[in-house]
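Presented below is the structure to which this report refers.
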Number of protein chains: 4
Amino acid sequence: MQVIEHPWFQRLRHVKQMGMASLVYPGAVHTRFHHSLGACHLMGKALDELRAKGVEFSKEECVAARLAILMHDIGHGPFSHALEYSLVAGVTHETISRLIMVRINELTGGLLSKTVQIFQHTYPRKYLHQLVSSQLDVDRMDYLNRDSFYTGVSEGVIGYDRILQMLTVREDELMVEEKAVHSVEKFIIARRLMYWQVYLHKTVLGAENLINNILRRAKYLAQNGENLFCTPALHYFLYNKVDGENFKSDPAHLELFCQLDDADIVSAIKVWQTHHDFTLSLLCKMMIERKLYKVMLSSAPLDHMLAEKQEIAMKKYGILPEDLYYFVFTGTTSNNTYDINDENIQIAMKDGSVRDISEVENALVNQTLARPVHKNYICYLQG
Amino acid sequence: MQVIEHPWFQRLRHVKQMGMASLVYPGAVHTRFHHSLGACHLMGKALDELRAKGVEFSKEECVAARLAILMHDIGHGPFSHALEYSLVAGVTHETISRLIMVRINELTGGLLSKTVQIFQHTYPRKYLHQLVSSQLDVDRMDYLNRDSFYTGVSEGVIGYDRILQMLTVREDELMVEEKAVHSVEKFIIARRLMYWQVYLHKTVLGAENLINNILRRAKYLAQNGENLFCTPALHYFLYNKVDGENFKSDPAHLELFCQLDDADIVSAIKVWQTHHDFTLSLLCKMMIERKLYKVMLSSAPLDHMLAEKQEIAMKKYGILPEDLYYFVFTGTTSNNTYDINDENIQIAMKDGSVRDISEVENALVNQTLARPVHKNYICYLQG
Amino acid sequence: MQVIEHPWFQRLRHVKQMGMASLVYPGAVHTRFHHSLGACHLMGKALDELRAKGVEFSKEECVAARLAILMHDIGHGPFSHALEYSLVAGVTHETISRLIMVRINELTGGLLSKTVQIFQHTYPRKYLHQLVSSQLDVDRMDYLNRDSFYTGVSEGVIGYDRILQMLTVREDELMVEEKAVHSVEKFIIARRLMYWQVYLHKTVLGAENLINNILRRAKYLAQNGENLFCTPALHYFLYNKVDGENFKSDPAHLELFCQLDDADIVSAIKVWQTHHDFTLSLLCKMMIERKLYKVMLSSAPLDHMLAEKQEIAMKKYGILPEDLYYFVFTGTTSNNTYDINDENIQIAMKDGSVRDISEVENALVNQTLARPVHKNYICYLQG
Amino acid sequence: MQVIEHPWFQRLRHVKQMGMASLVYPGAVHTRFHHSLGACHLMGKALDELRAKGVEFSKEECVAARLAILMHDIGHGPFSHALEYSLVAGVTHETISRLIMVRINELTGGLLSKTVQIFQHTYPRKYLHQLVSSQLDVDRMDYLNRDSFYTGVSEGVIGYDRILQMLTVREDELMVEEKAVHSVEKFIIARRLMYWQVYLHKTVLGAENLINNILRRAKYLAQNGENLFCTPALHYFLYNKVDGENFKSDPAHLELFCQLDDADIVSAIKVWQTHHDFTLSLLCKMMIERKLYKVMLSSAPLDHMLAEKQEIAMKKYGILPEDLYYFVFTGTTSNNTYDINDENIQIAMKDGSVRDISEVENALVNQTLARPVHKNYICYLQG
């Protein structure tokens with residue numbers, strides 16, 4: 001597959017899958033490139049299983065589905081979640097992935113049109129999209145196992161082999177056979193555990209806010225005419241206003257985006273440590289010297305702590321009042337163990353009926369778990 | 001430790017941990033000897049962790065606790081669950097374990113008195129008993145992992161390392177720290193999965209009923225004066241009425257019991273295949289040739305199927321009406337994902353309070369899961 | 001495959017793969033049944049790889065080869081090496097495996113004739129036999145990994161996946177591609193390590209001599225008219241003279257052999273502990289109470305130690321001079337890291353030539369390693 | 001330990017352990033930071049074992065040895081082997097590691113003096129240095145396992161647990177007990193395999209030559225006054241002549257070196273793709289688009305192929321004669337399975353004597369293996 005050799009895809013070699021999480025889990029430096037290959041491999045296995053069960057699809061559809069999962073993350077920028085709040089504010093990586101697929105499709109004279117349809121969920125065989133993106137997609141199967149493996153949090157490991165073997169299709173919808181209910185439950189619980197223990201680990205949360213703030217500050221300075229060391233691609237996104245419209249209207253935009261990877265950000269941050277702007281310099285030093293925010297998580301709001309922490313920030317670190325929000329702030333984060341409203345997991349019962357995983361007998365994933373859980377956090381500087 | 005070298009303990013080398021389950025999972029031939037050593041090892045690690053956290057106990061108590069877990073299964077006979085319904089009807093393996101400990105304690109002049117107290121839950125430091133026997137004991141931690149490993153059902157694997165590190169003691173009660181809640185949840189779910197997928201696998205259920213029926217039939221014939229090939233120890237339990245009282249009143253009883261292992265049962269069953277009693281012979285052939293009962297599991301009662309299956313048994317296999325219950329019968333089985341009424345799992349919250357695992361915020365193990373689930377089954381001969 | 005369900009094959013469920021080694025490695029209780037299934041699985045993978053490379057063979061040949069490996073160990077008796085020196089003196093398990101295959105072939109009207117040919121190395125496609133039995137056969141690939149896994153000696157683990165992928169066939173001979181040389185070297189070293197560390201472990205060596213001596217003594221007593229508890233099948237082999245001729249001339253012989261498994265031996269030894277023959281009784285107690293021989297291994301002969309150890313055996317244990325050889329004796333054992341004279345490993349070089357693994361450039365497996373290593377041992381009773 | 005938090009050490013988070021190997025093994029993106037932590041962990045285990053065997057050393061020495069291994073790679077630059085041939089020509093990473101330790105020792109008023117002595121092998125307890133750097137050091141134990149794990153070449157996995165347990169010290173020299181001979185042999189073979197299969201993989205070899213040539217060309221252009229995008233630290237090393245003397249005489253030098261990591265190189269190479277120098281631009285595009293050199297390995301010299309490949313490079317790619325050596329060139333590489341002249345592995349025999357691993361009975365690592373193996377290679381552009 002030529003897609004893999006395309007520089008836009010090779011770029012993912014330099015985009016870490018877990019962003020800042022390697023600051024907590026030093027082994028978690030695996031890349032989106034590796035994840036994409038892995039997910040593509042699982043897609044192949046899933047389709048083999050389905051074919052063996054008599055589900056019919058063409059060789060072309062098989063290739064299209066594998067390309068759709070191979071490219072599902074191609075729109076991820078470096079430290080993606082940070083970018084989405086700063087450099088390319090408001091444009092999600094899914095949107096960019098789609099735009100890149102559309103663009104490659106144009107350039108190749110329509111070779112990817114089925115892939116684009118599957119990705120956009122407009123292709124008739126719905127299960128192909130569900131394998132790419134749903135609550136039981138091969139994306140999750142790959143990243144849960146991969147992230148468990150590289151963080152060493154062995155509790156997130158899932159037995160995807162058995163789940164893949166139990167996949168089935170009824171009326172174009174992806175489902176799993178009844179006897180795999182317990183395996184699917186365990187998959188959902190593993191994901192729940194990875195969220196609360198790893199992805200929303202308070203230090204990781206703090207580090208992601210930190211890089212977000214660094215890029216916001218840099219963009220602010222750039223917009224005000226300050227000089228900043230950066231690669232040409234990063235320069236473009238710092239010195240121009242970028243929104244979804246630019247991406248759609250201007251192909252150059254996309255090409256520049258596809259030149260950005262972790263190295264652009266990391267090399268700039270190292271240099272910015274000595275920038276004359278005190279706020280930018282301090283934020284960058286916090287990152288490079290790994291003196292991250294202190295973070296507290298709680299189910300109750302934490303805003304009452306702001307005043308005291310702001311006081312410390314001003315007195316001990318000399319932060320100006322107008323820049324306090326870079327150093328002391330609150331936020332919320334949330335996670336759904338299972339979401340009954342979004343591409344949910346359907347069980348093909350032995351008696352021919354179909355049930356939601358939350359509605360089988362003695363369901364583990366019941367109404368309680370199907371509600372999102374919100375947590376509040378506060379980031380501040382050590383007192 | 002001399003206990004390990006004692007023939008009563010070495011006997012466990014010849015008692016399979018999972019009984020008949022190796023008929024379904026050919027690798028699951030590991031022994032109670034191996035499990036007991038493993039659980040003893042985990043007890044050592046648990047006590048090391050607790051000591052490192054400042055929980056105080058003497059070296060003597062440490063040895064006593066390790067001996068208690070080492071011997072917790074010493075009263076298991078071969079194919080234990082079958083035996084408890086036939087040869088030693090009504091005497092549980094826990095009772096026999098206790099009697100053996102008491103007996104060794106007498107013989108050694110009181111060396112095991114602390115061990116006996118811990119096992120019986122009469123020792124002041126309650127957590128020592130809870131490590132031996134509760135819903136988060138090292139017994140479960142060892143057998144879940146060991147059984148997963150040997151069956152190849154990797155989904156039962158649990159990260160006991162992390163749970164052990166998070167154990168703590170408050171007011172003599174064993175608990176786990178709040179931040180291990182998700183790990184404990186995963187432990188409970190792994191056990192749930194192992195029950196429904198492995199321990200209560202329908203073929204295993206059928207095989208256990210089969211060996212139970214073989215021993216019941218053999219005992220019936222023995223009580224009626226029939227001649228049966230068997231080792232002297234097995235002879236004793238076939239030709240005598242045995243109940244809990246015998247065990248307590250007559251030490252010879254216990255010694256004969258401690259000579260029984262899987263080999264006594266297997267070698268007898270092979271010989272009984274050619275016994276002139278048609279029922280015994282047929283049951284034994286079913287076992288040796290692995291032509292086990294057909295089994296159906298259902299949440300609804302299955303008694304309505306009995307008549308049809310009895311008909312087949314009589315017509316196709318020539319079973320006499322009075323012996324039908326050996327070949328066609330129903331039963332129920334049940335499992336608790338979590339039992340809130342029995343040595344439950346307590347969480348030591350960061351704020352100093354103590355909560356049941358089913359009562360923490362966003363609990364996975366909630367009221368629904370804390371109810372036992374019952375299933376009905378029917379065993380019959382292939383039509 | 002019906003072969004698996006045949007009682008003669010199911011018997012292997014009760015024959016431990018590693019015999020007495022579980023006395024040293026408590027987890028090593030896996031069975032020849034499990035190993036045979038595993039080797040059969042690897043044969044399937046090997047043939048898939050070869051077919052994918054264009055090696056041609058029929059579906060029938062594929063089944064025949066898989067059956068040949070499935071049944072390659074069907075002639076193993078319980079504690080096989082002991083048996084071969086006592087009960088069925090002089091008849092190897094390979095011979096019995098072959099006889100059983102021939103017998104089943106007769107009973108099924110020739111269904112196994114290709115299998116028998118492959119096993120006997122008379123089938124034209126030589127590589128099929130080489131997959132069943134050579135220095136790079138799937139038998140070794142399975143047992144090295146399986147034994148490593150169950151003993152916990154992780155150093156014996158081999159990467160059979162890569163070796164299987166690199167198998168090839170030239171002029172009907174099995175070989176491996178040049179680029180797998182290092183993997184094959186590692187396979188040979190892993191086997192070397194397993195031999196010296198596990199299979200020839202001195203305690204295992206002692207235990208195998210012990211069971212051998214128990215059976216020899218029991219046979220001696222039986223031949224002299226003594227009464228011994230045993231199952232009917234074991235009775236036959238104790239009370240009759242058995243050699244290769246009987247096996248070939250009398251089918252009943254083979255059928256009785258196929259009723260023997262570990263349980264016959266273990267249940268008898270337990271009972272024999274109280275036999276009035278002092279020698280038999282003492283040997284059996286040594287086994288059951290795990291008071292095994294002391295063993296010394298050395299490259300130099302150890303016969304000079306016999307006199308002193310015999311003295312101890314007589315004085316401390318009251319052994320009669322004529323029975324000393326049951327308790328104090330010497331022997332030799334040997335192992336070949338690689339044998340250049342027996343079904344050796346051939347490398348298909350990139351340049352089209354074929355070389356022995358010991359003759360490639362910078363060969364690890366050179367002349368030195370290709371010589372057998374002999375070791376002397378002495379077994380005796382603790383002083 | 002504050003060392004870990006020092007920016008000079010944190011820098012290793014952005015230096016990949018295996019350099020360009022991730023182009024072949026996409027998972028091999030683990031860092032020198034992670035490796036250093038792992039080796040430090042193994043050092044702790046090794047010292048625990050030695051202490052348990054009665055080897056005496058102080059707590060201070062223990063910390064010093066752990067710091068020595070923690071910092072043994074601190075002098076590695078990004079894509080280290082490339083750097084040593086270009087930017088910092090002639091200065092090895094060992095030299096820089098030592099200079100950094102000396103420098104930190106000065107800055108901390110002598111806190112690291114024992115560490116420096118151990119690293120330089122001037123400390124009286126020789127075994128501490130041997131644990132840091134010898135043919136059986138914890139460095140190798142960590143990187144072999146880690147590299148196997150991340151590349152997925154499971155055959156390189158070694159059982160370091162057993163080797164660590166068998167370490168011992170006699171007369172201040174590190175050795176291993178006789179019974180670990182087979183484990184050590186397996187360790188050496190695993191390393192041999194990793195070298196020929198992974199570290200000297202021809203594509204990896206080509207990629208390392210490529211980055212080396214990129215940096216050489218960039219330095220050549222810089223020295224000739226060309227303008228090149230780069231971070232300030234990289235600028236310094238491109239635009240100045242650097243040799244070992246500078247490092248020793250000028251502390252600023254070391255500080256700039258300690259600002260370099262993979263991001264500086266990767267971000268520059270991306271930008272250099274559009275540089276007007278044809279040679280630099282082409283080399284950089286080859287890297288980013290992963291159109292690497294074609295490579296052939298052979299035990300015979302390959303220089304006779306140069307003319308033909310040069311012809312192709314000029315005709316097909318338009319390379320100028322004077323720049324051909326960037327695109328078509330030969331070289332040699334070599335590896336020692338075991339080197340008998342350099343910190344060799346000593347075995348403490350049971351009889352009290354000490355032997356080299358290559359001199360024990362039936363040694364695997366014999367004279368033949370103890371000679372270095374040289375291979376020739378040629379890199380060229382696809383025809």
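Note that this is a predicted model, so its numbers are computed, not measured. In what follows, chains carry the letters A, B, and so on, assigned in the order in which the sequence lines appear, proteins first and then strands, with residues in each chain numbered from 1.
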Kindly give the heavy-atom pair with the smallest separation between B:Pro7 and C:Glu289, and that separation in Å. CG-CG, 3.9 Å
Do you know which two heavy atoms are closest between C:Ser22 and B:Arg13, and how far apart they sit? O-NH1, 2.8 Å
Strictly distance-based, threshold 3.5 Å: is any side-chain N or O of B:Arg290 a donor or acceptor partner for the main-chain N or O of C:His6? no
Within a reach of under 6.0 Å around NZ of B:Lys16, are more than 12 heavy atoms found that belong to other residues, nucleotides or ligands? yes
Toward chain B, the part of C:Val271 with a non-hydrogen atom under 4.5 Å: side chain
Which bit of C:Asp262 is near chain B, if near means a heavy-atom gap under 4.5 Å: side chain, backbone, both or neither? neither
Quick one: CD1 on C:Ile288 to CD on B:Gln259, what's the gap to the nearest 0.5 Å? 10.0 Å
Could you tell me how the ring of B:Phe149 sits relative to the ring of C:Tyr150: parallel (under 30°), tilted (30 to 60°) or perpendicular (over 60°)? perpendicular
Tell me the closest heavy-atom pair linking B:Gly27 and C:His34, and the distance in Å. CA-CE1, 3.0 Å
Heavy-atom contact with chain B under 4.5 Å, split by part of C:Leu260: backbone
Check each atom of C:Leu37 against the heavy atoms of chain B and say whether the ones under 4.5 Å are side chain, backbone, both or neither. side chain
With side chain to side chain contact (heavy atoms under 4.5 Å, CB included) as the criterion, how do B:Lys270 and C:Asp261 come out once you've worked through the C-alpha distance, each side chain's angles and the decisive distance to 0.1 Å? CA-CA 10 Å; B:Lys270 285 197 298 175; C:Asp261 65 30; 3.1 Å; yes
Of all heavy-atom pairs between B:Ser267 and C:Ser267, which one has the smallest distance, and what is that distance? OG-OG, 3.3 Å
Chain C: which of B:Ala268, B:Gly38, B:Pro232 shares the most heavy-atom pairs with it under 4.5 Å? B:Pro232
